[in-house]
Colleague: 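Mind looking over this structure? Questions follow.
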Amino acid sequence: MPTSSPRSTNAPATAAAARGPLATPAEVAAFLGVPVKTLYQWKYRGIGPNVHKVGRHLRYRWTEVDAWVNAQSAYDLTA
């Protein structure tokens with residue numbers, strides 16, 4: 001019986017088609033280009049993307065990460 005997982009752990013974190021609905025802190029950190037420790041600090045301070053606990057693990061929803069990144073814009077492009 002094969003022991004390989006159906007999820008590819010070598011998939012690029014920035015490819016939207018390759019992303020599942022949930023991401024690990026390491027995947028989000030790679031996508032944002034920040035250390036994982038920064039994500040933990042943002043969580044503690046309440047300023048980063050929404051994070052959810054799944055059991056004892058932290059997970060991010062990609063839709064919320066994308067929305068958070070869009071909200072970080074310094075310029076209002078709609079005005």
Side-chain angles (χ1 to χ4, degrees):
M1 184 172 222
T3 59
S4 64
S5 171
R7 298 176 78 187
S8 174
T9 57
N10 296 330
T14 58
R19 300 191 308 192
L22 297 177
T24 65
E27 291 171 330
V28 174
F31 174 72
L32 296 175
V34 299
V36 173
K37 186 175 179 180
T38 299
L39 288 178
Y40 294 143
Q41 290 173 350
W42 288 348
K43 177 188 177 300
Y44 177 78
R45 294 171 60 192
I47 61 172
N50 288 339
V51 63
H52 306 278
K53 287 195 80 165
V54 179
R56 64 183 184 134
H57 304 284
L58 296 178
R59 294 294 181 259
Y60 294 84
R61 288 188 178 120
W62 280 116
T63 55
E64 294 176 348
V65 173
D66 291 335
W68 179 82
V69 169
N70 291 336
Q72 300 307 304
S73 175
Y75 301 103
D76 184 9
L77 300 176
T78 60

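Counting begins at 1 with the first residue of the sequence. On a predicted model such as this, the values are computed, not experimentally measured, just so you know.
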Colleague: Grab the two heavy atoms, one from Val36 and one from Ala26, that are nearest each other, plus how far apart they are.
Modeller: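 Closest pair (atom of Val36, atom of Ala26, distance): CG2-CA, 3.9 Å.
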Colleague: Would you check if Leu58 and Lys43 make a side-chain contact, meaning some heavy-atom pair closer than 4.5 Å?
Modeller: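 Counting from C-beta outward, Leu58 and Lys43 do come under 4.5 Å.
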Colleague: With side chains defined as the heavy atoms from C-beta onward, is the minimum distance between Trp42 and Leu32 less than 4.5 Å?
Modeller: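 Yes; the side chains approach each other to less than 4.5 Å.
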Colleague: Kindly assign one of parallel, tilted or perpendicular to the pair Trp62 and Phe31, based on the angle between their ring planes and the thresholds 30° and 60°.
Modeller: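 The rings of Trp62 and Phe31 stand perpendicular, inter-plane angle above 60°.
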Colleague: Shared ILVMFWY cluster between Ile47 and Tyr44, side chains joined below 4.5 angstrom?
Modeller: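 No: no chain of side-chain contacts under 4.5 Å links Ile47 to Tyr44.
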Colleague: State the OH-CG distance between Tyr60 and Asn50, to the nearest 0.5 angstrom.
Modeller: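 Those atoms lie 9.5 Å apart.
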Colleague: Please report the shortest heavy-atom distance between Ala29 and Leu39, naming the atom on each side.
Modeller: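 Taking every non-hydrogen atom into account, N-CD1, 3.6 Å.
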Colleague: Please check: side-chain N/O of Gln72 versus main-chain N/O of Val69, any donor-acceptor pairing under 3.5 Å?
Modeller: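 It does not hold such a pair.
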Colleague: Quick one: closest heavy-atom pair of Trp68 and Gly48, and the distance?
Modeller: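 Reported closest heavy-atom pair: NE1-C, 3.4 Å.
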Colleague: Working to the nearest 0.5 Å, report the span between CZ of Arg59 and CD of Glu64.
Modeller: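 Atom-to-atom, Arg59:CZ and Glu64:CD are 14.5 Å apart.
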Colleague: Nearest 0.5 Å please: distance from the NE2 atom of His52 over to the CG atom of Leu22.
Modeller: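 Reported value, rounded in 0.5 Å steps: 8.0 Å.
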